[in-house]
Amino acid sequence: MSLIGPRPLLVRYLDRYTPEQARRHDVRPGITGWAQVNGRNAISWEKRFEYDVYYVDHFSLALDMKILWLTVIKVFKREGISSQTSATMEEFKGSNYSRVSSDPETYKN
């Protein structure tokens with residue numbers, strides 16, 4: 001695990017990812033990430049995966065430094081902690097697109 005990267009999700013979600021969403025596993029998971037500084041739990045699952053894939057495609061030290069700085073700001077402002085319907089985030093039920101392998105070994109870094 002790294003400091004910056006897509007937040008790890010539950011293993012039971014693995015077979016619910018589309019191939020595009022599964023790309024989030026192309027980098028090491030992190031404690032904070034692009035999705036966390038752009039809405040955290042207050043954004044939809046689709047938007048969260050969009051941000052995770054954006055991070056994979058634009059991985060750089062400059063982006064990591066920006067995420068780290070924005071994380072500090074978000075923590076002090078206490079933004080995006082709760083979703084509209086739950087205290088944290090609702091369960092990811094998957095998308096209406098084709099799924100990927102449910103074998104966790106597929107996604108190891």
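The first residue in the sequence is number 1, and the count goes up from there.
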Hydrophobic cluster membership, [X] vs [Y], 4.5 Å side-chain cutoff:
X	Y	value
Val27	Val37	yes
Phe59	Leu61	no
Ile43	Leu70	yes
Trp45	Tyr17	yes

Determine the minimum heavy-atom distance between [X] and [Y], stating which atoms define it.
X	Y	answer
Met1	Gly30	CE-O, 3.7 Å
Pro29	Pro8	CB-CD, 3.9 Å
Tyr55	Pro6	CD2-CD, 3.9 Å
Arg7	Arg24	O-NH2, 2.7 Å

For the [atom1] atom of [X] and the [atom2] atom of [Y], what is their distance to the nearest 0.5 Å?
X	Y	atom1	atom2	value
Gln21	Arg48	CD	CZ	12.0 Å
Asp26	Asp52	CG	CG	11.5 Å
Ile73	Leu68	CD1	CG	10.5 Å
Ile67	Tyr51	CD1	OH	12.0 Å
Ser60	Lys66	OG	NZ	10.0 Å
Ile4	Ile31	CD1	CD1	8.5 Å

_Quick one, Lys47 with Asn38, criterion side-chain contact (heavy atoms from CB on, under 4.5 Å). Give me CA distance, side-chain angles, the key distance, then yes/no._
CA-CA 9 Å; Lys47 200 68 175 164; Asn38 283 293; over 6 Å; no
_Phe49 and Leu9, any side-chain heavy atoms less than 4.5 Å apart_ =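 Leu9 reaches Phe49 side chain to side chain.
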*Do Gln36 and Thr71 have side chains that get closer than 4.5 Å, going by heavy atoms?*
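Not in contact.
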*Charged N to carboxylate O under 4.0 angstrom, Asp57 versus Arg23?*
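Answer for the salt bridge query: yes.
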